[in-house]
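Working notes, beginning with the structure itself.
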Amino acid sequence: FTELRKFSATRGTRDLIFNRWPSTRKNPIFKTTILTTGQRGLQDWPWLLVPGRSRTHGTTSHACERTGLSRRSRVSAHRSSMAHCDGDGIALPGSTGFGLLGDCSLEFWKNPVEFVQKKTSKHGAVWQTRVLGKPTAFICGYQAAVELFEPSVASRLSAARGYDAFVGKLYGSNVLTASPEQRARLIPQLHKVLSDVDWAVHIDGHVHKHFGGLERYDDLYHLCRDFSEQLCLSLLLDVQPDDEDFDEVRRLSKTHWRGLVSVPVHINFGGLGKSGYGRAMEARAALSDIIRNKVCAEQAGRPQSDEAGSSSLFQTLCATMSEEDATNNLLLFVSALAPKAIATLLTYQIITLRKEQHRSAIENDVGYLDFLLREVERAYPPFFAGRRFVEDGPPIVVDGVAIPAGHAVVFVSYMAHRDGTAFTQPEKFDPSRWAGADSACRVFSFGQGPHACVGMRLVRTICKRVALFLLQAYTWRVGKCNLTPKWLPVMRPASPVPVMFERKPEQAPARQQGIAGATWSQAV
């Protein structure tokens, strides 16, 4: 209402608002604000005048006639309402509403799939609404997502502004929130560590240790999450499960992560403790100190020229980056958010690999495993969507629709991966699609273009090494459960998934043993 008092409205405008948002009729503060802010009219409310947006006043002209605006005011208001149009694209469909009245964040959070499907069926693959207080364009089609990541368009998108609202205060300056100049420096360094080096041998030791004695587990996701957390802390910080500070670092990373799903208000309730966000900020400070001390100790004890001889990922990263850059980016990477994403992919690949048809196909052709892992990414993307901002300048055009500067852009991987115009039978889990007509299609689970996830290759290596070990060592079955997913903040099964593992005989058939041995040594 503070924003609302900056504007003025006639009784006609009030009626227009009430017709559009009936719930505002019951709000006495809103009614009083509208009636006492002046008599200047709809020229201060151009967002109400987008043609076709009002339920009872279908056009700008008609809305202006109802409120008694002059012809000059009508023209001015119409120009304002068409500010989202561009010569190369049509106006962005949908409505961003006004402030809190038009914000759909809660509706999106409650059921993101239903929310985007409803809007997409009404407006098409590209539409707008208001989320997190910002006018936001949603990209919900495969072709629209492909165009969004074309270099000419992607260069106009800011990942830093897109994610700063989520991780800015909690994580500080890192590869997600860095300026273009900082990213130009950080990305090559991180790729050198995370992508250019094969960490399979380091990963294998953790896979053997964690999955070497599997039996029955009541929740498969928890099994995979525990492995992912231990692996990330070991690879990224050289903190092993047997170390004294392992439990403390793990606890801090979990508390820190919970700040992302807390109301961003630092409140101290006295004897009752602090808010979730307050505890997250305290955990961030403690975790940053631990990481900085480890980085300083590593860099102080390592010669500058010893980069090539680094024996672990943590040591290689410390030898490649400055103290500040290493500390800030490790703070992001060891967050429980990354292990949860890895756990999601591991969970669903284990669920799908229980079927004999997939196991037999891999025995006959190990390349089928690559298709299956890619299909897991398509069908079960860990993150429902990604967020960017359109930088200053002319509108960008995506799928024929103009998205103006200043808009947030949310590309919904879930919808793009289920677009029937790109994928054959998109609702069916079918790894063989990647050997056929759909082989040229992309998946957007890790983003695309210049802002793609720098850890993408490392995550895929982890998933493949786990799959190969389990296929070689076990058969398993999944108990009766509800596989309906929970989407936010990271996708995972909404209910526990019980699983029973059975160790294979030590002397496997020669054909299977040969394939397993070859894939184990040659994969990735």
Side-chain angles (χ1 to χ4, degrees), residues 3 46-47 50 53 83-86 89-110 112-113 115-116 118-120 123-141 144-150 152-171 174-180 183 260-261 264 381 383-399 401-416 444 447-453 487-489:
E3 288 188 67
W47 52 274
V50 181
R53 299 293 178 267
H84 298 322
C85 294
D86 182 72
I90 64 173
L92 188 59
S95 173
T96 58
F98 180 76
L100 292 176
L101 299 177
D103 196 279
C104 298
S105 300
L106 183 59
E107 185 180 354
F108 174 73
W109 181 266
K110 284 182 177 178
V113 173
F115 177 80
V116 297
K118 179 181 177 181
K119 295 283 189 180
T120 301
H123 301 298
V126 183
W127 43 271
Q128 66 177 336
T129 186
R130 183 177 291 271
V131 175
L132 296 176
K134 300 290 185 181
T136 303
F138 276 72
I139 310 298
C140 297
V146 169
E147 293 182 15
L148 183 72
F149 291 112
E150 289 296 322
S152 59
V153 177
S155 62
R156 292 282 316 285
L157 301 175
S158 169
R161 290 181 63 190
Y163 290 114
D164 188 61
F166 299 101
V167 301
K169 292 183 178 180
L170 275 172
Y171 290 92
N174 53 59
V175 67
L176 275 184
T177 59
S179 66
R183 283 183 61 85
L260 291 176
V261 292
F383 299 109
F384 184 78
R387 193 169 187 252
R388 305 283 189 269
F389 256 87
V390 182
E391 296 282 24
D392 295 339
I396 62 172
V397 178
V398 176
D399 202 25
V401 178
I403 304 176
H407 264 53
V409 177
V410 171
F411 61 94
V412 184
S413 303
Y414 173 88
M415 294 293 286
F444 305 99
Q448 289 277 324
H451 301 297
C453 175
W487 286 102
L488 298 176

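Residues take their numbers from the sequence shown, with the count starting at 1.
What you find for V175 and R183 is that their closest heavy atoms are O-NH1, 2.7 Å. The two atoms that bring F411 and R387 nearest to each other are CE2-N, 4.0 Å, heavy atoms only. Summarising the geometry of P135 relative to T96, their closest heavy-atom pair is CB-CG2, 3.7 Å, with the distance given to 0.1 Å. Listed here is the closest heavy atom pair of Q128 and G94: NE2-O, 3.4 Å. Nearest heavy atoms, I403 versus V409: CG2-CG2, 4.2 Å. The nearest pair of heavy atoms linking W109 to P112 is O-CD, 3.9 Å.
Taken from CD1 in I396 to CD in E150, the straight-line distance is 12.0 Å, to the nearest 0.5 Å. Atom NZ in K119 sits 12.0 Å away from atom CZ in F108 (nearest 0.5 Å). Between K169 atom NZ and T177 atom OG1 the span is 13.5 Å, to the nearest 0.5 Å.
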How far apart are the C-alpha atoms of L157 and V390, what are their side-chain angles, what is the distance that settles it, and do they pass the side-chain contact (heavy atoms from CB on, under 4.5 Å) test?
CA-CA 5 Å; L157 301 175; V390 182; 4.1 Å; yes
Show, in sequence, the C-alpha distance, side-chain angles and deciding distance for L260 and Y171, and conclude whether the side-chain contact (heavy atoms from CB on, under 4.5 Å) test is met.
CA-CA 10 Å; L260 291 176; Y171 290 92; 4.0 Å; yes
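Checked by atom type and distance alone, the side chain of R130 never pairs as donor or acceptor with a backbone atom of C104 at under 3.5 Å. Proximity of a side-chain donor or acceptor of S413 to a complementary backbone N or O of F444 within less than 3.5 Å is detected. In this structure, D399 contributes its side chain and V401 its backbone to no donor-acceptor pair below 3.5 Å.
You'll find the side chain of R156 reaches within 4.5 Å of the side chain of P394, heavy atoms only. By the 4.5 Å heavy-atom criterion applied to side chains, L92 and H407 are counted as neighbours.
Relative orientation of the F138 and W127 rings is parallel, given thresholds of 30° and 60° on the angle between their planes.
Listed by first then second residue, pairs satisfying side-chain hydrogen bond (donor to acceptor under 3.5 Å, both in side chains) with a partner in residues 98-107 read D103-S105, not counting sequence neighbours.
Residues satisfying the ring pair (Phe, Tyr, Trp, His ring centres under 6.0 Å) criterion with F383, sequence neighbours excluded, are absent altogether. Judged as a ring pair (Phe, Tyr, Trp, His ring centres under 6.0 Å), and not counting sequence neighbours, the contacts of Y414 are F384, W487.
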